[in-house]
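Here is the structure we will look at, set down as structure tokens.
Every heavy atom of this structure was used, including side-chain atoms; hydrogens, water molecules and symmetry mates were not. As the structure is a prediction and not an experimental result, all values here were calculated from the model.
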There are 2 protein chains.
Amino acid sequence: MGNYYSNYDKHYVALDCIIFGFEGGELKLLLLKRKFEPAKGEWSLMGGFLDKSESLDDGARRILHQLTGLNDIYMEQLFTYGDVNRDSGERTISVTYYALIKVDENDRKLAEAHGAQWVAINKVPKLIFDHNKMVNKALSTLRSKIVRKPIGFELLPEKFTLPQLQNLYEAINQEQLDKRNFRKRILEIGLLDKLDEKEKESSKKGAFYYKFNKEKYLLYTEKGLLFHFKVKKDNLIKVSSTEDLGI
Amino acid sequence: MGNYYSNYDKHYVALDCIIFGFEGGELKLLLLKRKFEPAKGEWSLMGGFLDKSESLDDGARRILHQLTGLNDIYMEQLFTYGDVNRDSGERTISVTYYALIKVDENDRKLAEAHGAQWVAINKVPKLIFDHNKMVNKALSTLRSKIVRKPIGFELLPEKFTLPQLQNLYEAINQEQLDKRNFRKRILEIGLLDKLDEKEKESSKKGAFYYKFNKEKYLLYTEKGLLFHFKVKKDNLIKVSSTEDLGI
DNA sequence: GTAATAAAGTGCCTTTTTTACACTAATAAC
DNA sequence: GTTATTAGTGTAAAAAAGGCACTTTATTAC
């Protein structure tokens, strides 16, 4: 087998990861200041080349692990970029993934060792090649995904408060939400378990911790039921660029 | 340039196209009975290998042109498949595109010359490799896309009647819609122009033709406004497989 | 030419969902 | 014990979605 293919071109295939984190009430990206050519010294996404013997998903996982030391990262394929002039050198096909991680001090050090930094989503600098385009697409995909799937929890610690969760939604969608309506909607989904414990750092009164009930969620999806995690109606949307939306 | 890469593996990159058409009130796919190895005689999607000098989009366009003779096809990148054992022979990365075309007698002949046939979406046979997975994903993407973007018109002739349009929505979503509510919603979007002409094949009374006003639509999107093309509420969805939804 | 047939076209009312809005509760700091 | 700060709670009005039945138009058959 394989001889059918012998006439065809082969290509470099890269994996680039858009890594989201949530910290200090802000949605952030993990970006690299490149220590190697090409484009040494410029900002870029974390990436690497696909090996012959690994799947795309495995490759993306490997690259995420290299940078963060983490293993069970929530990760989804985003889009594949392949314009002829998209990078310097021989054209490389780039399959992109976005990842959601819980920012943590330990991982932070590993990331810093790679020259990586957390950058607020609205302060992303000029990145090499078409990486800014990738970031924009990842952000708009995250925004539309969060309506359909409870992925926000991937960005928060195991235990979180409702004000924290609301902050996250506000940071992702860049809009203020009504506290009462937010709580009503998010609780009526029925997948949050209230704990007896309170978080007392950020207020005198303290806010109760909640946990996302993953088992219950999986039970529902197995039955073929999916929920909307909408916190706001979205019949008419304003976007800065329709291209970013992939629409 | 290019020497930075010299250590990395190169890969075959294929393009596979999921081609949708609408005919006889049914949503259909253009499928091939393969005339060549590997898997000669089996059903598959139309595909081909990426050339060194073309972008992914150009490659997909080339392949669609080969099969249909058409040039201005609505086409979008769907997903990239790269499991190590996804095909026979050396692993090939497959970048998939879905396309929406207006079925036409002329094109039909060209397609048939390639051994291609239109097959109703719920009668799709077993396809080679992971092509059935691709079809399922394309269908669920089409379903969610049609809510956000007026792409249904890509499947209909220039002039179409409201009953035809409703049939299309019903075929895509596999559900019956109320005539009155459908017309109300689709017309209040304000992007359909009623013509003075009637279609008289399918009823004695005849139904007025409408045209999709693309200029008006582009004007809106340029302003950063997007509409919902929902014809039904979708807070709670039943799906047969969550994987197909890419969720 | 008139009756039968068949699909196109039209409006209103009910239910559900969304939104807007303001006070009380708990605790720590002083 | 007063003050300050954020957590937590319910209701009513507005908007959207959903359900439902008759009239119109033109052809065909007699």
Does A:Lys198 use its side chain to pair, donor to acceptor, with the backbone of A:Lys205 at less than 3.5 Å? yes
Between A:Lys214 and A:Glu154, is the closest basic N to carboxylate O distance under 4.0 Å? yes
If only side-chain N and O atoms count, and only distance matters, is there a donor-acceptor pair under 3.5 Å linking A:Lys133 with A:Asn136? no
How do A:Asp178 and B:Ala207 order along DNA chain C: which one's closest nucleotide is nearer the 5' end? B:Ala207
Quick one: B:Ile186 CD1 to C:dG9 C1', roughly how many Å, whole number? 16 Å
How many whole angstroms separate atom NZ of B:Lys184 from atom C1' of C:dC13? 10 Å
From CG (A:Leu31) to CD1 (A:Ile19), nearest 0.5 Å: 8.5 Å
Mind calculating the distance between CG (A:Leu177) and P (C:dT18) to the nearest angstrom? 14 Å
Can you check the B:Tyr210 OH to C:dA8 P distance for me, whole Å? 12 Å
Quick tally for nucleotides 22-30 of chain D: nucleotides whose base has a protein heavy atom under 4.0 Å get B, sugar-phosphate-only ones S, the rest -, giving --BBBB---
Flag the pair B:Phe212 / B:Phe160 as yes when their ring centroid distance falls below 6.0 Å, and as no otherwise. no
Answer with base, sugar-phosphate or nothing: what part of the nucleic acid does B:Thr161 contact at a heavy-atom distance below 4.0 Å? nothing
From CZ of B:Phe182 across to C1' of D:dA17 the rounded distance in Å is 15 Å
Residue-phosphate contact under 4.0 Å: B:Arg185 side-chain N/O, D:dA16 OP1/OP2: no
Taking CZ from B:Arg183 and C1' from D:dC20, how many angstroms apart are they, rounded to a whole number? 16 Å
Ring centroids only, cut at 6.0 angstrom: are B:Phe79 and B:Tyr81 within range, meaning strictly under it? yes
To the nearest Å, how far apart are A:Leu162 CG and D:dT6 C1'? 13 Å
Kindly say if B:Arg180 contacts the phosphate of C:dG11, meaning a side-chain N or O under 4.0 Å from OP1 or OP2. no
Using whole Å, what does the distance between atom P of nucleotide C:dA8 and atom CG of B:Leu187 come to? 14 Å
Using a 3.5 Å distance criterion without hydrogens, assess whether the side chain of A:Lys179 forms a donor-acceptor pair with backbone atoms of A:Pro163. no
Among C:dG9, C:dA20, D:dC20, which is the nearest nucleotide to the side chain of B:Asn181? D:dC20
